Protein chains: 2
Amino acid sequence: MKRQITIKDIAIKLGMSTSTVSRALRDHPDISPKTRAAVKELAALLGYRPNRIALNLRSNSTRTIGLIIPEIEHYFFSAIINGIEEIAYKNDYSVMVFQSNESYKREVNNTQAVLTNRVDGVLVSFSKETRDFSHFQKLIENEIPVVFFDRVTDELRADQVVSDDYQGAFLAVNHLIEKGCRRIAHFAAPQHLALGKGRLSGYHDALLKHNIPFNNDLIFHADTFETSRKVALSVLKKAERPDGFFTVNDMSAIAIIKAAKEVGLSIPKDVKVVGYENSKSAALSEPELTTIDQYGYELGREACLMLLKRLRENDLPAKPEKKVIRTKLVVRSSA
Amino acid sequence: MKRQITIKDIAIKLGMSTSTVSRALRDHPDISPKTRAAVKELAALLGYRPNRIALNLRSNSTRTIGLIIPEIEHYFFSAIINGIEEIAYKNDYSVMVFQSNESYKREVNNTQAVLTNRVDGVLVSFSKETRDFSHFQKLIENEIPVVFFDRVTDELRADQVVSDDYQGAFLAVNHLIEKGCRRIAHFAAPQHLALGKGRLSGYHDALLKHNIPFNNDLIFHADTFETSRKVALSVLKKAERPDGFFTVNDMSAIAIIKAAKEVGLSIPKDVKVVGYENSKSAALSEPELTTIDQYGYELGREACLMLLKRLRENDLPAKPEKKVIRTKLVVRSSA
DNA sequence: AAAATTAATGCAAACGATTGAAATAAACGT
DNA sequence: ACGTTTATTTCAATCGTTTGCATTAATTTT
């Protein structure tokens, strides 16, 4: 980088001290209008811009927030990042992005990186592998505000922003039942994630409401396209096949639709499917997918707003806040 | 943030000067093994980590790269970010993300932000609105290495990493012709983007190779789902409708497939479609979309590698480099 | 034993900005 | 005319680290 203009350059050229220049630029009342004008003029002429690094060092803050996220290449997360960046931008913060790639080890590295980069606060959605949270605990011990979103834990004293998984699942399963389904399979997320538990519980309670017995044989662990396809193929071939599916994400749902077609079943006539996420793909599948909108963009915004609030208050949460983002049933043709 | 352990803390506790501590930590040969061990032990015990901001100030570098991108919420770009972050991570750089949201004004702001944050280098894919490049010129004048990717311009002396748009388009159109198409429409990107021109030219030359006359009436400007749907609906209703479509991205292609179905045409029998991008949605559409894989992940990696190379060499490109990433035809069922 | 060499450590400036306190200069009251 | 305000400006320390040079202590050479 080219040598940048400093306050000292201006001071020398104008034959005054750096303090005067500094004060003039920030409209300190002690400075006479004449010198203030002179300083500002020269500063503009030379294209002076304050050195943020020096400011960072002095203020011990970077106006930067760290974002630790499993993978960007996933519609839901990219929608969240979009929301986060939006709020950060409006508040003159910058966002540093770190991907864990669903790897615990890498996530631990990410927390180190976030520490060495001295970010002011951190937004985290942890990896599927993560069971131990001491690396995040270390952030908290360093009094760096941390807000967890989507993938959260109660083991740490930290704010949370989550989608209303219970409500979303309830809406989805209730819809399937109202459309006539009685044997509803659930393709579930890992149960160590709160969202996995929440959705299962929403599924459970929707059945309960309609007096349909809960059957554990209808719960499958499948949260990727490939495994969902395989599981669906085997399940759909059985005599007692489900007449409805509620999945953890849209990819799984679309995999089921594909599998159903493959074995000659018609959707939504023979089998009904409700996904989760409302990704771009949901509107493109054939038939178009009924799904739960998670408002990823809004979730990102709220998470960032909560973090900024903590940064402003400059306190660690005595009692952590938990914000729940509504969900919405988007009815299309698959159920 | 909690007050962090500094070199001074260690120095005082050990009754020595900060210089000695600093040198001990960096294994300077002048330091005796005994004091070195003592320093390192205490540093580890106290959990000392060097203050990156202070280092930044001294070295005048931040080990951070700025990324200016139209929108994250788009498969191609998120794949690119993934590749960029991967390389940055491996080389101990951090990535700051700035979205332009396809807005010229915001993009100008992004370049300011990148400047005040004193990033070491910048990766840019500019917005559709951008016709004037003086904001990027300012970066270059400040001798900040800039690498453009995907959306590039020859107006600036800067490195470029692009997808082989000509080849991709040629492959796509050639495929359509070999499958029997003779009236091939092209849903094109804005022609002020180099990628728009490149693809049009690939389209043109593929026709030429098979002695099919170029017909300007078959070129449409449509690069979103909605406009593509509308254009396709009107075009497909005409008597002289195209028998093949080559689009600028997968969304447009899927819009055409939907429109074709709507007017009762069968794919690929009546109309064949080739998209561009190989997004996740491409594999999910019905029929599955034949498309051009752009290797977004690889493109991101290469762009980042090129930037890091410049940073290492610490020179501005006397002659800018241009790296072209191959493309691949992915044949599925739509053509 | 004095001089010269080597080893180990400390001093102080620097990176760019801010800021409390001190200093200077101008203006005022009596 | 002289002390007292008031207005402006400068000094110097600070943020945390690195590093050229000086310093001190220990060791070797003659």
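Computed over heavy atoms, backbone and side chain alike; hydrogens, waters and symmetry mates excluded. Bear in mind the structure is a predicted one, so any value in this text is a computation, not a measurement. Chain identifiers are assigned alphabetically (A, B, ...) following the order of the sequence lines, protein sequences preceding nucleic acid strands; residue numbering begins at 1 within each chain.
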note = Scoring nucleotides 5-12 of chain C by protein non-hydrogen atoms under 4.0 Å (B base, S sugar-phosphate only, - none) yields ---BBBBB
Taking atom [atom1] of [X] as the centre, does the number of heavy atoms from other residues, nucleotides or ligands within less than 6.0 Å exceed 12?
X	atom1	result
A/Lys138	NZ	no
A/Lys323	NZ	no
B/Glu41	CD	no

ask   = Where the side chain of A/Arg58 is defined as all heavy atoms beyond and including C-beta, which of D/dG16, C/dT18, D/dT17 is the nearest nucleotide?
value =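 Selected nucleotide: C/dT18.
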Charged N to carboxylate O below 4.0 Å: is that the case for [X] and [Y]?
X	Y	answer
B/Glu298	B/Arg301	no
B/Lys2	A/Glu141	no
B/Glu86	A/Arg106	yes
B/Glu102	B/Arg151	yes

ask   = For the helix from C/dA1-D/dT30 to C/dT30-D/dA1, how many degrees between its two end axes (five pairs per end), to the nearest 10°?
value =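 Result, rounded to 10 degrees: 70°.
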Nearest-angstrom distance from the residue atom [atom1] of [X] to [atom2] of [N]:
X	N	atom1	atom2	answer
B/Asp27	D/dT18	CG	P	12 Å
A/Asn56	D/dT17	CG	C1'	15 Å
B/Met1	D/dC15	CE	P	15 Å
A/Lys8	C/dT18	NZ	P	15 Å
A/Ile5	C/dA17	CD1	P	10 Å
A/Asp9	C/dG16	CG	C1'	10 Å
A/Ile53	D/dG16	CD1	C1'	13 Å
A/Arg26	C/dG20	CZ	P	13 Å

ask   = Are B/Val146 and B/Asp159 side-chain neighbours, meaning at least one heavy-atom pair lies under 4.5 Å?
value =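 A side-chain contact is absent here, since even the closest heavy-atom pair is not under 4.5 Å.
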query = Taking A/His192 for the side chain and A/Lys128 for the main chain, is one N or O donor matched with an acceptor at less than 3.5 Å?
reply =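 Yes.
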request  = Mind checking B/Ile7 for me? I need base, sugar-phosphate or nothing, with any heavy atom below 4.0 Å counting as a touch.
outcome  =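 Contact class for B/Ile7: sugar-phosphate only.
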key: Touch class at under 4.0 angstrom, heavy-atom based, for A/Leu57 against every strand present   =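 The residue A/Leu57 makes base contact.
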